[in-house]
Amino acid sequence: MDNTFKRYIHFPPQQLSFAKLFIYIFIVYLFGVLIRLILFYQAGQIGPLWDGSDPIAIWTPDAGRYGFYAKEILAGVELPFRDDYLLGHLIAFVSGFFHLSLDWTMVLLPIFIAPLIAIPMVMIGTSIRQPVLGLLSALVAVSGTFFYMRTHIGYMDTDGVNLFLMMMGIAWIIKGFEHKSLFYTFLGALALLLFGWWYHSAPIINLLIVLTALVYLFLYHRKNKTMLGGFILLVLAIAPAAVLTKLVVIVLFYSFFSVLNRYEKVDHRFYWILLSIGFVAALFLVHPDQYIHRAVTYLTPANEKIFSGKGITYHYLNDLKFVSEVGGVDLWKAYAPLFISVIYVLVATGGYFIMLTAYPLMLLTLPLMILGYMSTWAGLRFAMYATPVLAFGFVYLLFLFKNILLKRYERSCYVRRLPYYGTTLVLLLMIYNIFAFNTSAAMGLQFYSWDKALLKSFSKNLSKKDTIVTWWDYGWPLWYYTGYNNTLTDNGYHGGPDSHLVAQILLSDDPYFTANAARYLSYYRPPSNSAGAGFTLPKLAKDHNLTKLFKSFHQQKKISLPGEEGNVYIILHQNMLSYIGILMKYAYWDFRGGKYKAMPIYKATPVTRPFSHNYSLLEGYSYILDSSDGMVVDANGNKTPVNTLMIAQNNTRKESFSFHKNSNMNLLDAKGLLLWMNKKAYNAFYIQAMLLDVYDHKLFEKVGETGRMKIFRVKRANE
């Protein structure tokens with residue numbers, strides 16, 4: 001590398017005392033906590049987010065799952081110490097140790113976990129002898145848009161700990177490689193081991209980190225036996241084996257290599273031989289699916305899956321295709337104007353790759369950048385991983401520009417402060433994004449205080465034998481608030497083939513089908529689960545032709561289920577309106593043919609001018625009703641006759657107007673939306689029961705409601 005060029009991109013080394021290192025970490029950590037307390041302050045001004053002195057705890061569906069596990073643990077249930085349950089154990093421990101209610105713990109814990117990434121980021125800065133760069137980069141990272149979106153108050157998920165453990169592993173590996181220290185690399189191996197224990201999707205990420213370490217060693221230190229011994233520890237840390245087994249093996253190999261490195265006769269070739277033997281053994285003992293399964297699932301989700309029974313093959317939609325965080329939002333999107341976000345990502349990425357030239361050790365952070373860019377295909381949850389690397393890249397560019405400008409403006413204090421000014425501007429951008437995001441976060445909860453009160457009252461009469469039928473978005477939150485994991489579908493397991501029947505239950509225009517199908521599916525839920533079957537319908541398919549079974553639910557009487565135990569409840573929520581199109585895809589999917597059947601007509605537009613007796617037009621963004629002639633006019637000027645206009649208020653019928661009796665189209669003004677539907681969509685159980693409070697009292701009993709939710713009990717055959 002040309003020395004002149006190297007002087008520009010490689011900065012004079014800086015030293016940092018342990019006391020200053022602690023101060024730097026504390027500054028970043030405190031900043032990360034404070035910016036997350038902004039939303040806590042804003043939430044304090046919103047009444048429905050508080051239940052007396054307790055906050056509403058479930059801000060995201062995942063929080064419901066881990067909160068439920070914590071409740072079980074505190075109640076004395078022994079849940080295993082492995083990935084899916086570890087966060088539940090952590091919540092329960094913090095709640096008990098600090099004598100905090102679970103609600104307070106669930107709301108506050110994320111904001112104290114997330115800023116822990118200050119530790120590895122400042123460590124990385126000191127390892128490349130640029131501690132100030134590490135400090136400023138850490139400030140940007142803890143406030144980074146995508147990382148913040150998954151670590152704000154109430155966002156009780158594994159993400160904050162995921163990034164911390166990953167970065168601690170990378171930071172220790174960088175430190176170990178920089179100092180050629182087996183001990184530091186040993187600590188990096190332990191961090192990767194913990195990450196693999198903590199997170200079910202860690203294997204592919206750990207593999208990526210280890211492969212990147214191998215590339216670095218091959219390029220720069222392939223003859224250093226200490227570093228090669230440390231690399232073997234990293235390989236052992238990600239091996240597909242039990243955590244305790246790997247821990248013992250890593251400690252033994254660390255002790256062995258510590259002794260072996262004292263003998264000069266043993267050189268790097270011995271370690272390469274060990275690696276070669278291990279590689280050959282892995283070819284026979286390790287299946288690639290153990291590492292790539294989760295990545296393939298996210299990157300190439302199948303449109304549909306299949307199961308069979310009685311010689312019939314059934315096709316069902318893949319739930320993952322409809323999970324919002326898996327697609328639709330990526331690294332290039334943010335709350336700031338789009339061009340600013342894109343410029344930041346591009347500039348920071350460019351700075352990062354220049355930084356790799358100056359500081360090759362930063363290559364070990366490349367997996368984080370790869371994961372971030374994967375969000376373009378795999379969805380929002382991966383975007384946050386690039387946050388710290390982009391921060392390093394952007395702040396590095398600021399120091400690079402300062403270095404260049406100082407050649408001409410050596411005495412300028414403004415040039416010397418350029419990294420601080422630039423970092424401040426980026427922090428303002430991130431804080432702008434935080435304020436913009438907070439509004440949607442605070443108003444996007446599924447259950448508010450009055451909903452919680454209803455669920456608390458409802459759960460008093462609930463038992464393990466009861467079943468809740470609702471869409472899977474409400475599964476985990478209901479677990480937490482009711483104390484029972486008795487939903488047919490949930491947010492992680494989703495519903496698989498069962499989702500299709502659940503959607504038909506919610507959208508059927510035949511109340512007997514809704515009641516009979518809900519009871520039948522719930523009746524076979526416990527046997528299916530106890531038999532080890534993942535879903536109910538594949539088990540039923542072994543004994544029934546599902547097409548004929550579904551048709552039998554349409555009989556105009558209640559089906560008889562001998563020995564029926566427990567109650568069946570249907571929970572409807574107003575937010576289902578926002579994705580009723582997805583429910584229709586499930587409800588009108590042909591299991592046998594693997595294609596969509598003819599769907600009912602359903603369109604929705606926000607109401608821009610509400611109905612008034614003194615004004616003939618009911619206006620929406622996409623179409624307008626002229627009540628003087630009962631015609632709907634769309635954006636292209638096309639007119640369609642309307643049969644009935646129904647005005648709903650407080651989830652019940654307020655008034656109605658009839659126009660063209662022969663028309664198949666109906667309008668419904670409800671929840672600030674103007675819904676345009678044919679009769680099949682208009683008569684759907686969800687539309688009628690939730691928005692108009694119309695349901696068959698012989699089949700259903702309403703046991704509770706709020707302005708956002710209704711709970712119905714499905715009556716049995718003898719009632």
Side-chain angles (χ1 to χ4, degrees), residues 307 309-310 312 314-317 467-471 488-489 495-525 528 535-562 564 567-572 576 580 583-602 664 666 677-692 694-702 710 712-719:
F307 67 92
K310 293 182 72 66
I312 302 172
Y314 299 96
H315 304 255
Y316 66 97
L317 295 173
T467 301
I468 295 175
V469 180
T470 189
W471 195 237
L488 278 175
T489 58
D498 296 352
S499 290
H500 292 270
L501 187 52
V502 171
Q504 290 182 43
I505 289 169
L506 297 176
L507 296 185
S508 176
D509 60 347
D510 177 1
Y512 279 94
F513 178 92
T514 296
N516 289 332
R519 287 178 52 232
Y520 198 91
L521 189 59
S522 302
Y523 180 75
Y524 283 96
R525 175 183 67 89
S528 295
F535 302 107
T536 303
L537 288 185
K539 181 178 183 299
L540 291 176
K542 295 178 181 179
D543 303 312
H544 301 273
N545 179 312
L546 293 185
T547 304
K548 294 181 179 179
L549 179 64
F550 289 5
K551 286 182 179 179
S552 72
F553 297 149
H554 285 285
Q555 57 186 298
Q556 298 299 300
K557 64 178 182 179
K558 299 176 185 178
I559 58 173
S560 178
L561 295 170
E564 183 177 11
N567 288 308
V568 178
Y569 298 95
I570 298 177
I571 293 185
L572 307 178
M576 290 181 184
I580 204 168
L583 268 70
M584 284 187 175
K585 289 184 177 180
Y586 279 93
Y588 290 91
W589 174 263
D590 183 358
F591 259 146
R592 296 285 296 274
K595 59 184 179 181
Y596 291 109
K597 295 178 283 189
M599 292 191 189
I601 297 173
Y602 175 90
N664 191 36
N666 296 277
M677 302 166 283
N678 65 2
K679 287 183 179 179
K680 192 167 187 64
Y682 177 73
N683 290 327
F685 177 76
Y686 172 78
I687 297 294
Q688 291 290 310
M690 179 66 211
L691 303 181
L692 300 174
V694 176
Y695 57 93
D696 192 326
H697 292 256
K698 299 189 300 294
L699 301 174
F700 308 99
E701 174 192 8
K702 185 167 62 175
K710 289 184 179 180
F712 295 91
R713 185 180 70 86
V714 184
K715 294 184 177 181
R716 300 183 188 182
N718 57 357
E719 292 185 77

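Values reported hereafter were calculated over all heavy atoms of this structure, with side chains retained and with hydrogens, waters and symmetry mates removed.
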*Evaluate side chain to side chain contact (heavy atoms under 4.5 Å, CB included) for K597 paired with W589, printing each intermediate quantity in order.*
CA-CA 6 Å; K597 295 178 283 189; W589 174 263; over 6 Å; no

*Are I570 and I505 close enough that some pair of their side-chain heavy atoms sits under 4.5 Å apart?*
yes

*Considering only NZ, NE, NH1 and NH2 on the basic side and carboxylate oxygens on the acidic side, decide whether K680 and D509 come within less than 4.0 Å.*
yes

*Is the number of heavy atoms from other residues, nucleotides or ligands under 6.0 Å of K715 NZ greater than 12?*
yes

_Shortest non-hydrogen contact between A598 and Y588, atoms and distance_ = O-CD2, 3.7 Å

*Would you say Q555 and N516 make side-chain contact, with heavy atoms under 4.5 Å?*
yes

*What distance do L501 atom CG and L546 atom CG have between them, rounded to the nearest 0.5 Å?*
9.0 Å

*asked:* Rounded to the nearest 0.5 Å, what separates atom OG1 in T489 from atom CG in D498?
replied: 8.0 Å

*Compare every heavy atom of K310 with every heavy atom of A541, then report the nearest pair and how far apart it is.*
O-CG, 3.5 Å

*Rounded to the nearest 0.5 Å, how far does CZ of F553 lie from CG of D510?*
12.0 Å

*Aromatic ring pairing F700/F712, orientation class (parallel under 30°, perpendicular over 60°, tilted between)*: perpendicular

*Between F307 and Y314, what is the ring plane arrangement, given parallel below 30°, perpendicular above 60°, and tilted in between?*
parallel

_Residues, nucleotides or ligands: over 12 heavy atoms within 6.0 Å of K548 NZ_ = no

_Minimum heavy-atom distance Y602-M584, with the two atoms named_ = CB-CE, 3.4 Å

*With respect to E564, which candidate in R519, R525, K558 satisfies the salt bridge (Lys or Arg N to Asp or Glu O under 4.0 Å) definition?*
R519

*asked:* Quick check against the 3.5 Å criterion: does K710 have a side-chain atom that pairs as donor or acceptor with the backbone of M690?
replied: yes

*asked:* Does F685 form a ring pair (Phe, Tyr, Trp, His ring centres under 6.0 Å) with Y695? I'd like the steps, not just the answer.
replied: CA-CA 7 Å; F685 177 76; Y695 57 93; 7.8 Å; no

*Decide yes or no for L583 and L506: does some side-chain heavy atom of the first lie under 4.5 Å from some side-chain heavy atom of the second?*
yes

*Take R716 and N567, measure what side chain to side chain contact (heavy atoms under 4.5 Å, CB included) needs, and give me the verdict at the end.*
CA-CA 8 Å; R716 300 183 188 182; N567 288 308; 3.8 Å; yes

*What are the two closest heavy atoms between S522 and A518, and how far apart are they?*
OG-O, 2.7 Å

*Rounded to the nearest 0.5 Å, what's the gap from OH on Y523 to CG on L561? Could you check?*
6.0 Å

*asked:* Can you give me the closest heavy-atom contact between F550 and H554, atom names plus distance?
replied: O-CD2, 3.7 Å

_I want to check something: taking the side chain as every heavy atom from C-beta on, are L692 and Y682 in contact at a cut-off of under 4.5 Å?_
yes

*Verify side chain to side chain contact (heavy atoms under 4.5 Å, CB included) between Y586 and V502, making sure each step is shown before the conclusion.*
CA-CA 9 Å; Y586 279 93; V502 171; over 6 Å; no

*For residues T547 and N545, report the shortest heavy-atom separation together with the two atoms involved.*
N-OD1, 3.0 Å

*Is K698 salt-bridged to D696, going by a charged N under 4.0 Å from an acidic O?*
yes

*Find the distance between CD (E719) and CG (L699) and round it off to the nearest 0.5 Å.*
11.0 Å

*Spacing of M576 atom CE and T470 atom OG1 [to the nearest 0.5 Å]*: 3.5 Å

_Please verify the inter-ring angle class for F591 with H500; under 30° counts as parallel, over 60° as perpendicular, anything in between as tilted._
tilted

*Check the pair F535 / L537 against side chain to side chain contact (heavy atoms under 4.5 Å, CB included), numbers first and verdict last.*
CA-CA 6 Å; F535 302 107; L537 288 185; 5.7 Å; no

*Please tell me if the side chains of L507 and T514 come closer than 4.5 Å, counting only heavy atoms from C-beta onward.*
no

*Might you confirm whether atom NZ of K702 has over 12 heavy atoms from other residues, nucleotides or ligands at distances under 6.0 Å?*
yes

*Could you tell me whether the side chain of T467 reaches within less than 4.5 Å of the side chain of L488, counting heavy atoms only?*
yes

*Report yes if some heavy atom in the side chain of I559 is under 4.5 Å from a heavy atom in the side chain of S552; otherwise report no.*
no

